[in-house]
Amino acid sequence: PSNPPNVPAPTVVFSDDGAPNRDSHGMAVDKKGKYLWVADRGGNLIEVFDVKSNKRVNTIRLAGAMSADPTPDLADISPSGEHLFFSLRGPNPLSGDPHASTGGTLGIGVVEVMEGGKSGAMKRVVKIQNIDAGGVERADAHAIRVRVK
């Protein structure tokens with residue numbers, strides 16, 4: 001009773017109801033805390049927002065030569081702030097509703113952060129695999145966390 005749901009009321013920052021297959025999922029803040037990066041699995045892109053103004057400042061498209069369908073899922077930032085890492089769930093996600101989590105590439109997407117956190121570009125895909133005894137791919141990069149040693 002002392003902490004009711006949705007209090008204070010949520011604020012809609014961005015909506016793209018006209019675009020098919022939108023599915024925002026994972027997000028991370030740049031090293032300086034100025035920009036919020038939101039992964040859109042269905043659109044194969046990242047929407048970048050200014051955290052003070054709530055304005056969308058950029059759209060980073062991830063599909064390209066490294067993957068036609070990366071389907072970015074969850075994210076974390078490198079300690080230096082120079083890269084964001086996104087899990088890419090691939091063609092056989094093991095959990096959740098596969099309608100939006102199924103992609104063409106299984107692994108970790110490495111995105112270089114540019115323009116002080118306002119922009120970026122996919123620089124590499126690190127592929128992972130876990131083939132079971134029956135020859136079926138069972139890897140599912142459904143989460144990611146960067147650890148500093």
Side-chain angles (χ1 to χ4, degrees), residues 5-131 137-149:
N6 295 318
V7 174
T11 301
V12 175
V13 172
F14 176 75
S15 179
D16 190 2
D17 297 330
N21 303 324
R22 286 294 219 163
D23 185 55
S24 60
H25 196 64
M27 57 186 71
V29 178
D30 74 293
K31 184 166 177 91
K32 294 182 180 179
K34 187 172 181 181
Y35 298 104
L36 174 67
W37 290 38
V38 181
D40 186 313
R41 297 185 297 189
N44 284 312
L45 52 84
I46 299 165
E47 298 288 7
V48 183
F49 299 89
D50 181 299
V51 298
K52 286 186 179 176
S53 69
N54 288 338
K55 301 283 184 203
R56 180 174 61 154
V57 296
N58 201 358
T59 298
I60 302 168
R61 305 208 181 275
L62 299 178
M66 285 175 244
S67 174
D69 185 19
T71 312
D73 200 53
L74 300 177
D76 201 7
I77 191 161
S78 68
S80 69
E82 295 176 3
H83 296 91
L84 273 164
F85 301 94
F86 287 90
S87 57
L88 309 175
R89 300 201 50 204
N92 300 312
L94 301 177
S95 62
D97 183 354
H99 78 282
S101 60
T102 301
T105 303
L106 176 59
I108 305 299
V110 181
V111 178
E112 182 179 3
V113 177
M114 299 181 222
E115 296 183 53
K118 187 176 181 180
S119 183
M122 181 88 87
K123 291 297 179 178
R124 186 170 190 185
V125 171
V126 180
K127 298 200 176 181
I128 63 172
Q129 70 176 28
N130 182 19
I131 308 296
E137 177 62 71
R138 297 292 182 191
D140 182 8
H142 191 194
I144 188 165
R145 184 73 176 148
V146 175
R147 188 179 101 177
V148 180
K149 282 182 150 185

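These numbers come from the heavy atoms of this one structure, side chains and all, not from hydrogens, waters or symmetry mates. Here the structure is a predicted model, which is why all the values come from computation and not from measurement.
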Closest heavy-atom pair and its distance - [X], [Y]:
| X | Y | answer |
| --- | --- | --- |
| Phe86 | Ala39 | CE2-CB, 3.7 Å |
| Leu94 | Arg89 | N-NH2, 4.0 Å |
| Gly120 | Trp37 | CA-CH2, 3.9 Å |
| Leu74 | His25 | CD2-CD2, 3.5 Å |
| Ile108 | Leu88 | C-CD1, 4.0 Å |

Find the distance between [atom1] ([X]) and [atom2] ([Y]) and round it off to the nearest 0.5 Å.
| X | Y | atom1 | atom2 | value |
| --- | --- | --- | --- | --- |
| Asp140 | Ser87 | CG | OG | 8.5 Å |
| Glu47 | Thr59 | CD | OG1 | 3.5 Å |
| Lys127 | Ser67 | NZ | OG | 7.5 Å |

- [ ] Assess whether side chain to side chain contact (heavy atoms under 4.5 Å, CB included) is satisfied between Phe85 and Val126, documenting all intermediate values.
- [x] CA-CA 10 Å; Phe85 301 94; Val126 180; over 6 Å; no

TODO: May I ask you to decide if Asn130's main-chain N or O and Glu137's side chain share a donor-acceptor pair within less than 3.5 Å?
DONE: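 Yes; at least one donor-acceptor contact below 3.5 Å.
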
Open item on the list: List the residues meeting side chain to side chain contact (heavy atoms under 4.5 Å, CB included) with Asp40, not counting sequence neighbours, and say none if there are none.
Closed with: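 Asp40 satisfies side chain to side chain contact (heavy atoms under 4.5 Å, CB included) with Arg22, Leu45 once adjacent residues are dropped.
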
With a 4.5 Å cut-off on side-chain heavy atoms, are [Y] and [X] touching?
| X | Y | result |
| --- | --- | --- |
| Met122 | Pro70 | yes |
| Val38 | Leu36 | yes |
| Asp76 | Leu84 | no |
| His83 | Val111 | no |
| Val146 | Pro79 | yes |
| Ile46 | Leu62 | yes |
| Pro93 | His142 | no |
| Ile131 | Arg138 | no |

- [ ] Applying side chain to side chain contact (heavy atoms under 4.5 Å, CB included), run through Thr71 and Arg41 and close with a yes or a no.
- [x] CA-CA 4 Å; Thr71 312; Arg41 297 185 297 189; 3.6 Å; yes

TODO: Not counting sequence neighbours, list each pair that qualifies as a salt bridge (charged side-chain N to carboxylate O under 4.0 Å, His left out) and has a residue in residues 105-117.
DONE: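 Matches after skipping sequence neighbours: Glu112-Lys123.
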
Open item on the list: If the threshold is 4.0 Å, N to carboxylate O, is there a salt bridge linking Asp50 and Lys55?
Closed with: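 The answer is no: the pair does not qualify as a salt bridge.
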
- [ ] Tell me yes or no: between the side chains of Asn44 and Asp69, is some donor less than 3.5 Å from an acceptor?
- [x]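 Yes, Asp69 and Asn44 have a side-chain donor paired with an acceptor closer than 3.5 Å.
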
Open item on the list: Assess the residue pair Val48 and Ile60 against the criterion (side chain to side chain contact (heavy atoms under 4.5 Å, CB included)); give the C-alpha distance rounded to whole Å, side-chain angles, the decisive distance to 0.1 Å, and a yes or no.
Closed with: CA-CA 8 Å; Val48 183; Ile60 302 168; 3.7 Å; yes

Task: Phe14 and Phe49 aromatic centres sub-6.0 Å - done: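 Yes - the distance between ring centres of Phe14 and Phe49 falls below the 6.0 Å cut-off.
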
Open item on the list: Please determine whether side chain to side chain contact (heavy atoms under 4.5 Å, CB included) holds for the pair Val57 and Tyr35, giving the CA-CA distance in whole Å, both sets of side-chain angles, and the decisive distance to 0.1 Å.
Closed with: CA-CA 9 Å; Val57 296; Tyr35 298 104; 3.8 Å; yes

